[in-house]
Amino acid sequence: KQEVTQIPAALSVPEGENLVLNCSFTDSAIYNLQWFRQDPGKGLTSLLLIQSSQREQTSGRLNASLDKSSGRSTLYIAASQPGDSATYLCAVNTNAGKSTFGDGTTLTVKP
Amino acid sequence: DTGVSQDPRHKITKRGQNVTFRCDPISEHNRLYWYRQTLGQGPEFLTYFQNEAQLEKSRLLSDRFSAERPKGSFSTLEIQRTEQGDSAMYLCASSLASGSVEQFFGPGTRLTVL
C-alpha cells in the first residue's frame, strides 16, 4: 500500500526566503507525482507534475524534483511572498488512475 | 469557464438524510475522480471513472455511497442515510486517460451532517 508523508506539517518563514518542502513515498512504482496548492476551504490547484522518467520540473519561482529510487520529491519555492501562504500537497499517481496524497505542508509567509 | 465544476458548493443536512452531489468535468477529459477530504488531512481517493465505466472503488466507499457517470460526462455521488462522520469536503477531479494524466480539481462540495 502506497503511503505518502510530507514534512514539515507546518512552516513559517519571512518574506523573501527560499524554502523546500519535502514529500516521501513508500512504493517507487509510480506513474507521476503532482504538487498542488490548496487555499483554506478551496479546491486544489495543480502546480507541477513530474513524470516518473523525469528528474525535475520548473514553473516560475517553483521547482520540483523527483528521485523515484529513494521515494522522494521536493518542492523548492524561491523568493517567497505572502501570497504563497497556503497548504501544499503532493500526490503520487499510478497510471491506473489512483492517487495517494500526503497530508500537506501549511506554509505561512510573513510580510 | 471550462474548468471542473461542482454543485452544490455547500450542503447542510440532518443525520439519516440522503444527499447527492454533482461534478461536471473538463469537457474533453474522459477520466473523473472523487475524493474526500477532512480537516487537516490530504484528500482520500474514493473512486474513479473512465468514460462511463467505474474502474476502481476504495474500501472507504461503503454501501451507503454510490457514484455514477451514466453518459461519460457529468458524475453524481450519492450518500444514503448520512452520518456525522460523513462531514467532509468532497472533491472531484478530471483528467485525460493518456499522456500526463494530470488531474484538475473542482472547488469541492462541503458537507455538514448535523
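What you see is a predicted model, and the numbers here were worked out from it, not measured in a lab.
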For this session: Search all heavy atoms of Gly42(B) against all heavy atoms of Leu89(A) and return the closest pair with its distance.
Result: CA-CD2, 4.1 Å
Exercise. Hey, is CG on Leu114(B) packed in by over 12 heavy atoms from elsewhere, all under 6.0 Å?
Worked result: yes
For this session: Without swapping roles, check the side chain of Glu56(B) against the backbone of Lys98(A) for a donor-acceptor pair under 3.5 Å.
Result: no
Exercise. To the nearest 0.5 Å, what is the distance between CZ (Phe45(B)) and CD (Gln2(A))?
Worked result: 13.5 Å
Exercise. Heavy-atom count around Arg15(B) CZ within 6.0 Å, excluding the residue itself: above 12?
Worked result: no
Exercise. Among Arg9(B), Gln41(B), Arg110(B), which residue forms the greatest number of heavy-atom pairs with chain A at distances under 4.5 Å?
Worked result: Gln41(B)
Exercise. Which atoms of Gln37(B) come close to chain A, meaning under 4.5 Å heavy atom to heavy atom: side chain ones, backbone ones, both, or neither?
Worked result: side chain
For this session: Considering non-hydrogen atoms only, spot the tightest contact between Phe105(B) and Leu44(A) and give its length.
Result: CB-O, 3.5 Å
Exercise. Are Phe104(B) and Leu49(A) connected in the hydrophobic side-chain network, where two residues link if heavy atoms are under 4.5 Å apart?
Worked result: no
Problem set entry | Part of Gln38(A) within contact of chain B (heavy atom distance under 4.5 Å) | side chain
Seminar exercise, completed: Of the listed Asp103(A), Thr106(A), Val4(A), Asn93(A), the one with the largest count of heavy-atom pairs under 4.5 Å with chain B is Asp103(A)
Exercise. Among the clusters formed by ILVMFWY side chains lying less than 4.5 Å apart, do Val4(B) and Phe21(B) turn up in the same one?
Worked result: no
Problem set entry | Neighbour count >12 (heavy atoms, 6.0 Å) for atom CZ, Arg55(A) | no
Exercise. More than 12 foreign heavy atoms under 6.0 Å from CD of Gln81(A): is that the case here?
Worked result: yes
Exercise. Has Ile12(B) got more than 12 heavy atoms of other residues, nucleotides or ligands less than 6.0 Å from its CD1?
Worked result: no
For this session: Identify the heavy atoms of Gly41(A) and Met89(B) that sit nearest to each other, and give their distance.
Result: O-CE, 3.5 Å
